[in-house]
There are 2 protein chains.
Amino acid sequence: MTQDERVADRQAAEEMPWGEVTPDAARRLLVAAVEAFAERGYHATTTRDIAGRAGMSPAALYIHYKTKEELLLRISRIGHEKALEILRHAADGEGDAADRLAEAVRSFVRWHAGHHTTARVVQYELDSLGAEHRPQIVELRRRSDAAVREIIESGVRSGEFDVPDVPGTTLAVLSLCIDVARWFNTEGRRTPDEVGALYADLVLRMVGAEPRPAVAQK
Amino acid sequence: MTQDERVADRQAAEEMPWGEVTPDAARRLLVAAVEAFAERGYHATTTRDIAGRAGMSPAALYIHYKTKEELLLRISRIGHEKALEILRHAADGEGDAADRLAEAVRSFVRWHAGHHTTARVVQYELDSLGAEHRPQIVELRRRSDAAVREIIESGVRSGEFDVPDVPGTTLAVLSLCIDVARWFNTEGRRTPDEVGALYADLVLRMVGAEPRPAVAQK
DNA sequence: GGTTGAGCTGAGCGGGCGCTTAGGACCTCT
DNA sequence: AGAGGTCCTAAGCGCCCGCTCAGCTCAACC
C-alpha cells in the first residue's frame, strides 16, 4: 500500500458512508451485500449474487471475508454503532429534555429513512446472525435503548414530561423509529427530513411535553 | 367426508385459530409452516422442516399445497383478513372517535402480541411473495390503512383530535402497532393486554385527544 | 369382496448453494 | 531479470434444496 493510498483510505473513512471498510474491493463487496440483503433478505441472497453486483467472481468474496455471515456481521456492527452514535450524540447534547428527545428522534429517523437499505439489514436481519455473533450486537442495542431512556427519565425528573411507563414508552419510541426502515420508500411522497420532523412532533406528544413552536425545517 | 366430519369442520372454523383450513393434515402443515417461518424466515425454512414438524414426510406437503410459496400466501391472506377484520370492527363500533381509535389500537396490538408468530410472518415476509401473489395482499393492507385513517379523520372533523398530518399520523399509528410483532416476546414482562392498553394511551396522546380516565384493565 | 380414490411414503432427480483450491496476472523491491 | 506477495479467476466439490413419482394402505362404496 502506497502513501497516497493510505491518505485516500483515511479520507474515505471520514467522508464516505462505508469509508471505514478497506480495501476498496472489500467495500464494494460490502455495499453490494447491503443492497442484496435489503432487497431479498440474507438467506435468499447468494454469494454469487453479491460478487456479481461487485463485478467480481464468486471466489473473490472469500479473500476479504471468511464466510457470508461475516459480511452480515460487519454490516450489522457498523450500522448499530452508527445508530448508537446518533442517539448518544442527541442524549449528550444541549437543551432541555424535549430538545434532546426531539433531536434524537429527528436524527434517528432521518438515518433510518435516508439509509433505509442499510437500516433494513441492520434492524431486520439480526436473527440471521448465529449465536456466537449475536451477543455483541444485542449489547449495542441495549445501549441505544439506554440512551433514549436516559432522555425520557431526565424529562420526567424535570417535570417536562408526563410518562406513566418509562420503559414501555422508551420501547415504543424506538420501535416507531426503527419501523421506518420497513416502510420508507425513496419513491414515496416524504423526504427523510419531513418524516423526522413529523415523528419528533408525534413523540413529544407521546411523552406529554408542552407544545412548542415548530423548528425551522429545510 | 361424513356428516360428523362436516360438523367438526364448521365448528373448527368458528372456534380455532386456523379453523378455516381443512382437512386436518393441511392445517397441521400450515401451523408448522407458521412456526418455522416465524423462527427462521421464509427462505431459511425448508419444506423438509415443515413436513417434519407436522409429523409427515416431505412429499406429503405437495398433496395439500402446490408449492412452498402457496403455504406462505395462505398464511398471509388469512392473517391480513383477520387484521383487517379487527380494524374494521373497531372503526364501525360505538362511541366517539377516541373510543374507536383506542379500541382499534388495543385490539390490533393485542392480536400482534398474542399471535406474534403469525403476525411476524404476516407483516415481515410479504416481500417473499412473488409478484403474482403480492397485489391481493397489498389491497388488504390498503383497506387496513383506510380503516384507521377513517377513525382519525372523524376525530379531526368532530374536533376531538388535533392532527396536522392525517396520512402521516395514520402511517405512524399502524407502524407502531405492526412493529409489536417484531419485538414482542412471550417470556417478556408484559402481557398482550398490557401492551395494548399502553399503546392505546400513547396513540391517543399522538392525536392530541383529551386525557380520559383509564379503562378497566384485566 | 372387489374396485376405487384419497392420503401418504421412500427414493431420488436436477440444480443451485456455500465454499475451496490451483494457478495466473500484476505490482514492488532487489 | 528474478523473487515474493497480493489479489483475483476458472473449475468444481460435496451438500441440500424444492419438488416429483411410483407404489402402498385403507376406508368407502357397488
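Each chain gets a letter, A, B and so on, in the order the sequences are listed, and its residues count up from 1.
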If you check the [X] side chain, which of [options] turns out closest?
| X | options | answer |
| --- | --- | --- |
| B:P23 | D:dC19, C:dG7, D:dC7 | C:dG7 |
| B:A60 | C:dT21, C:dC19, C:dC8 | C:dC8 |
| A:A59 | D:dG18, C:dG7, C:dT21 | C:dT21 |

Can you check whether [Y]'s main-chain N or O pairs, donor with acceptor, with [X]'s side chain at less than 3.5 Å?
| X | Y | result |
| --- | --- | --- |
| B:R110 | B:D193 | no |
| A:S107 | A:E103 | yes |
| B:R106 | B:A197 | no |
| A:Y65 | A:A26 | yes |
| B:R28 | B:A54 | yes |
| A:E69 | A:G130 | yes |
| B:K68 | B:T45 | yes |

Expressed as a whole number of angstroms, how long is the span from [X]:[atom1] to [N]:[atom2]?
| X | N | atom1 | atom2 | answer |
| --- | --- | --- | --- | --- |
| B:Y62 | C:dA11 | OH | P | 19 Å |
| A:L61 | C:dC19 | CG | C1' | 10 Å |
| B:L71 | D:dC19 | CG | C1' | 13 Å |
| A:D24 | D:dC7 | CG | C1' | 12 Å |
| A:K66 | C:dT20 | NZ | P | 11 Å |
| A:R28 | D:dC8 | CZ | C1' | 11 Å |
| A:I63 | C:dC19 | CD1 | P | 15 Å |
| B:H64 | C:dT9 | NE2 | P | 9 Å |

Task: Interface residues of residues 38-58 of chain B with DNA chain C (non-hydrogen, below 4.0 angstrom) - done: B:R48, B:M56, B:S57

Task: Passing candidate, side chain to side chain contact (heavy atoms under 4.5 Å, CB included) with B:V105, options B:I151, B:L198, B:V173, B:L176 - done: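 Answer to the side chain to side chain contact (heavy atoms under 4.5 Å, CB included) test with B:V105 among B:I151, B:L198, B:V173, B:L176: B:V173.
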
Task: Under-4.0 Å salt bridge between B:D49 and B:R53 - done: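 Counted as a salt bridge, because a side-chain N and a carboxylate O are separated by less than 4.0 Å.
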
Task: Helix axis bend for the helix from C:dG1-D:dC30 to C:dT30-D:dA1 - C1'-based end axes, five pairs, 10° rounding - done: 10°

